[in-house]
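Working notes, beginning with the structure itself.
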Amino acid sequence: MIQQLENLLQVSDINVSFGGLKALSNVNLSVPSNRVTAVIGPNGAGKTTLFNVISGFYSADSGSIQYEKMDLLTMPAHSRSKIGISRTFQNIALFPGMSVLENIKLGAHAQLKTNVFSAAIYLGSAAREERAISERIYDRLLNLLELEDYADRSISGLPYGIQKRIELARALAGEPKLLMLDEPFAGMNTAEKANMANHMRQIIERTNITVLLIDHDMESIMSIADSISVLNFGSLIASGTPSEIQKNPAVIDAYLGEE
Amino acid sequence: MNQHTSFLRKKPKLDIFANPNAELVFWCIFAVGLMMVPVFGSAYFLYMACLVCINLVATVGLNITVGYAGLLSIGHSAFLGVGAYASALAFLHMGTPLALNIVIGAVSAFSVGLVFGLPALRIKGVHLAIATLAAQYSLYFIFQQWTSVTGGDRGLSLPKTDILGMGDTGFYYVVAFVALITSIAARNLFRTRIGRSFIAVREKDYAAQVLGINVVGVKLMAFGIGAAYAGIAGALLAAFLRIVNPDQFTLTSSVFFLAAVVVGGRGSILGAMLGAVFMTLMPEILREGISFAMGPEADMASVLSPLREIIFGALIVGFLIFEPRGLVGIVRRIMGHREVVDAGTGH
């Protein structure tokens, strides 16, 4: 019980199936506050399904997800940003119709208050709010993530690594408590991975953010995660510190051995 | 976290203007241009300027719905009709002033827009378009059949509205002022979270949800705002033509506004403005051009009329082939913009 109080997010006995196919069976996962928790597993293990259930895209057949004493499964997908949950996507979900800065501003959408009428007039509060959010993004995110030169650029045509960083900046713009990263290292070359890991370490050091990430890049995850859970065929097969996981025979058998 | 140097406070550039000052200059020139029309123009010119401004309001509104939020609507003129009838009825029965009639037009079209939007906005793309077509036909049916209120096919006739004893010029200034204010208001929406949420819903609705955007709510809002703009245009049209009848609000007229959005440039306020001007004036310019080319003795209106339609159609198709971004894309190219925010990918 004591441990549960410290968990920002508690996933309990989640079952998800598509048609007859079980995607997740009895998955339990604790995400302690101010820590980096990683979920690893081979392709098709159910990692992204787990993220999509937490995000509210899929509904679970049974089980519960508690976030700060709230039952996430009863809340619509769009309510999560306001209570401090943000995420990135495996296949970068940025908006090419907007500039880099506007994309990042969208991360703070739920925290901003401008309504249609004050927006249309754009004097006073609406203009002030826009200036404040721009300044906050310039001050806190753009130079932290080395994106200053791109603020006014269009998304399309920017290198993959930069787009990944923009999406990370967008996920951070609302100053979330829980940051969910869906394969932050996917599709990156070695230099980009090192760069991303470096940025993530800086963010974790500077803020009290809780991170839940999924990936299969063991090397990058080992250097960042405080604890790791391993998913295989929809079931959790192991949990522990990175060094415990590396030694776990079931994990080696299911996952580490084959790569 | 705050020890980093504050970077230069660049404002995001939107549309075609490299910096906010250039945009301010544009709006000033536009405002002065509108003011100058009665000084230099003939009565015919003033008439056309009124029509351009009314169409501009409707097109800017439709561009919010179609261009920015990506909701294909082919029932826009029905909402003009709602605004026109509501304001005309308020004027005939209660003698309300023009300013109030415009508000009545906006509010009534907004409400009717929500009624049709509520079921329709859960579906996407072509299906949504068909649902808006249902709005078009059912509203037309009401305009035509509810004779006791709408006057049926004969419609409603309105007396002349005189603004400050300035006659047609006074009325023009009201229309021009409304066109200016509504264009600036539309532009302002896209400086803020409201406009960003429209574009986000158009491009990736799942990502929009994660960012805290209520997708159905945003679609309703975008649809309602488009309808409200149509309602404003409808109220102005009623006061301008002094007659409201069902045949002003047909599918053809909805397609006219849709064409104005596409020809001008989807997802651009300036594009909508250019599109409305082009679509309103080009048939007139062609008419003048053809009768000039044919010489004074050519009395063959029956031949010229289809010719005009063909050239007009060819021009639209030509634009779409050579500049899919529409007129605003041509302006961008003239101004030497290489990298532009990709706004032309809405469905």
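Values reported hereafter were calculated over all heavy atoms of this structure, with side chains retained and with hydrogens, waters and symmetry mates removed.
- Nearest heavy-atom pair, B:E203 versus A:G97, reported as atom, atom and distance to 0.1 Å: OE2-N, 2.8 Å.
- Nearest heavy atom pair, residue A:F95 against residue B:A208, reads CZ-N, 4.2 Å.
- Minimum interatomic distance between B:G212 and A:A110 (heavy atoms only, all atoms of both residues): CA-CB, 4.4 Å.
- Residue A:L106 touches chain B through both its backbone and its side chain, counting heavy-atom pairs closer than 4.5 Å.
- Here the shortest heavy-atom pairing between B:K204 and A:P96 reads NZ-CD, 3.8 Å.
- Taking A:S81, A:A108, A:A120 one by one and counting their heavy-atom pairs under 4.5 Å with chain B, the maximum is reached by A:A120.
- Interface remark: A:L142 contributes no atoms to any contact with chain B (heavy atom separation under 4.5 Å).
- The side-chain heavy atoms of A:F57 and B:Q209, taken from C-beta on, include a pair separated by under 4.5 Å.
- When each of A:E129, A:K105, A:E102 is tested with B:R193 by the rule side-chain contact (heavy atoms from CB on, under 4.5 Å), just one qualifies, namely A:E129.
- If you measure heavy-atom distances from B:I225 to chain A, the contacts under 4.5 Å come from the side chain alone.
- At a 4.5 Å heavy-atom cutoff, the contact between A:R87 and chain B is made by backbone and side-chain atoms alike.
- Highest contact tally toward chain B, considering only A:I85, A:L94, A:V100, is held by A:L94 [criterion: heavy-atom pairs under 4.5 Å].
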Using the rule given for side chain to side chain contact (heavy atoms under 4.5 Å, CB included), can you reason through A:L112 versus B:R196, listing the C-alpha separation, both sets of side-chain angles and the distance that settles it, and then say yes or no?
CA-CA 12 Å; A:L112 301 179; B:R196 288 193 293 270; 3.5 Å; yes
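- Taking both residues in full, the closest heavy atoms of B:I213 and A:H78 are given as O-CB, 3.2 Å, listed atom of the first, atom of the second, then distance.
- Options A:Q111, A:R170, A:K82, A:R80 differ in how many heavy-atom pairs under 4.5 Å they form with chain B, and the most are formed by A:R170.
- What you find for A:A119 and B:I194 is that their closest heavy atoms are CB-CG1, 3.9 Å.
- Expressed to the nearest 0.5 Å, how far OG1 of A:T114 lies from CG of B:L189 amounts to 10.5 Å.
- To the nearest 0.5 Å, atom NE2 of residue A:H109 and atom OG1 of residue B:T192 are 9.0 Å apart.
- Heavy-atom contacts from other residues, nucleotides or ligands closer than 6.0 Å to CZ of A:R201 number more than 12.
- Surrounding CZ of A:R35 are at most 12 heavy atoms belonging to other residues, nucleotides or ligands under 6.0 Å away.
- In the displayed structure, B:F177 atom CZ is contacted under 6.0 Å by at most 12 heavy atoms of other residues, nucleotides or ligands.
- A:M98 contributes atom CE, which lies 12.0 Å from atom CZ of B:F198 (distance to the nearest 0.5 angstrom).
- Counting non-hydrogen atoms of other residues, nucleotides and ligands closer than 6.0 Å to CZ of A:F117 gives a total of 12 or fewer.
- For A:N103, no part lies near chain B; criterion is any non-hydrogen pair under 4.5 Å.
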